[in-house]
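What follows is one structure encoded as structure tokens, with my remarks underneath.
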Number of protein chains: 2
Amino acid sequence: MNDLHDKFTEYLTQQDQRYTTQRREIVDAIINKKDHFEIDEFISEVHLQGKRLARATVYRTVKQLLDAKLIQKIDAGNGRIYYEYNEALQHHDHIICNQCGKILEIKNNHIEKAIKLECNKLGFQAEYRSLHIYGTCKECQNN
Amino acid sequence: MNDLHDKFTEYLTQQDQRYTTQRREIVDAIINKKDHFEIDEFISEVHLQGKRLARATVYRTVKQLLDAKLIQKIDAGNGRIYYEYNEALQHHDHIICNQCGKILEIKNNHIEKAIKLECNKLGFQAEYRSLHIYGTCKECQNN
DNA sequence: ATGCGTGCAAATACTTTGCATGCCC
DNA sequence: GGGCATGCAAAGTATTTGCACGCAT
């Protein structure tokens, strides 16, 4: 049993909601994709597999997963919106290259700590964050 | 003369584009608003002042200002999208309360440094970032 | 004068919603 | 069996685009 299923089950139970076949399938697909995905591409893939799944259901489920902090939304800046599984609820941040569009995932304790300290100072109880750094990656700087 | 006008002029010149009346008015309005604004609210206000200004022009100009890194986009999570003037190009980050929707702006050198170090490590040339922290503010924790 | 930028409206894209039916608990 | 969730289509929003005309350079 995967962590994401457990967490989502827990969330749904709390909200007195049901873990339906569709919700289960969407979560499975997210786990299998591993990295970031787009709503549209996601729906196409599911349909290619011959499964019936309504757009609306995907939007509804994604909203719940966001609300449950199990996935996060990434605005790649060029009009594309990605979603990504928050593996084991460990926050990782994103570095996005404006040239080639590549997305690097980082996890840095100093950043983590600095943010926690600032929140403590303000008495703010942080639940979740989104940090995206845009610029030019090593490879693209050489072009 | 305001910094934002200068910077935008510089950007437009680089791109061989013109500093039109509309662009100037949009920039003025942004400077006067100071804090974050929404496209829709923004257009209404300009229209209330009796000025003629097309939606499309606002979208086009906002896109350029984003591209020039002079304003930044904030996704408040509840479906609302804000834009905000990047004062003097100093990066400040946002703390957003999920209960009351309040947005706090922070500027913290430790966060700044930790991010710079991580980028240096990766050889990534950062131009811009967006950091949003979501949670519950001090006041709302007491309710 | 030249041609980029604007305004307008239509087109497109994205997301939500109402309602009848199906399926989880 | 009761009622929440789904699928479908239609309605909302948000954003982009084509084209004729106006204005900045």
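Everything numeric in this text was worked out from a predicted model, so none of it was measured. Just so we're on the same page: letters track the sequence lines, and every chain starts at 1.
- Considering every non-hydrogen atom in both B:Phe8 and B:Arg23, the closest pair reads CE2-CB, 4.1 Å.
- Ranking C:dG5, D:dT15, C:dT16 by closeness to the B:Tyr59 side chain, first place goes to D:dT15.
- In summary, of the residues considered (A:Leu70, A:Leu65, A:Asp3), a side chain to side chain contact (heavy atoms under 4.5 Å, CB included) with A:Tyr85 occurs for A:Asp3 alone.
- Closest to the B:Gln17 side chain, of the nucleotides C:dT6, C:dG5, D:dG7, is C:dG5.
- Side-chain N/O atoms of B:Lys63 include none lying less than 4.0 angstrom from OP1 or OP2 on D:dT15.
- Heavy atoms of B:Arg23 sit under 4.0 angstrom from primed sugar atoms or phosphate atoms, though from no base atom.
- Look at B:Lys121 and B:Glu118 and you find a salt bridge, because one of the NZ, NE, NH1 or NH2 atoms lies within 4.0 Å of a carboxylate O, short of that distance.
- Atom C1' of nucleotide D:dG7 and atom NZ of A:Lys51 are separated by 17 Å, given to the nearest angstrom.
- One interatomic measurement links the two molecules: NE2 of A:His47 to P of D:dT6, which rounds to 14 Å at whole-angstrom precision.
- We find that CZ of A:Arg80 is positioned 19 Å from P of C:dT12, with the value rounded to whole Å.
- Closest contact between the side chain of A:Thr20 and the listed nucleotides C:dG7, D:dC8, D:dA5 involves D:dA5.
- Backbone-only contact: B:Leu53 has heavy atoms under 4.0 Å from sugar-phosphate atoms and none from a base.
- Comment: B:Asp93 engages B:Arg129 in a salt bridge, judged by a side-chain N to carboxylate O separation of less than 4.0 angstrom.
- One can place CD1 of B:Ile43 at 11 Å from P of C:dG7, the figure rounded to the nearest angstrom.
- At the phosphate of C:dG22, neither OP1 nor OP2 sits under 4.0 Å from any side-chain N or O atom of A:Gln22.
- Each of B:Arg60 and A:Asp16 was assigned the nucleotide of DNA chain D with the nearest heavy atom; the assignment lying further toward the 5' end belongs to A:Asp16.
- In this structure, A:Arg55 atom CZ and D:dA11 atom P are separated by 18 Å, rounded to whole Å.
- Checking the phosphate oxygens (OP1, OP2) of D:dC23, no side-chain nitrogen or oxygen of B:Thr21 falls inside 4.0 Å.
- The aromatic rings of B:His36 and B:Tyr82 stand perpendicular to each other, their planes meeting at an angle above 60°, with 30° marking the opposite boundary.
- Between the P atom of D:dT16 and the CG atom of B:Leu66 lies a distance of 10 Å, rounded to the nearest Å.
- Counting any heavy atom pair closer than 4.0 Å across all strands shown, A:Arg52 reaches sugar-phosphate atoms only and no base atom.
- In terms of polar N and O atoms assigned as donor or acceptor, the side chain of A:Arg18 never comes within less than 3.5 Å of the base of C:dC25 in a complementary pairing.
- With distances taken from any side-chain atom of B:Ile39 to the nucleotides D:dT15, D:dT17, D:dG7, the minimum falls on D:dT15.
- A salt bridge links A:Glu112 with A:Lys107: the distance from a Lys NZ or Arg NE/NH1/NH2 to an Asp or Glu carboxylate oxygen falls below 4.0 Å.
- For the pair A:Ile81 CD1 and D:dT13 C1', the computed distance is 14 Å after rounding to whole Å.
- In this structure, CD of B:Gln15 is placed 16 Å from P of D:dT25, rounded to the nearest angstrom.
- The nearest heavy atom of DNA chain C to A:Ala56 and to B:Leu12 marks one nucleotide each, and the one closer to the 5' end goes with B:Leu12.
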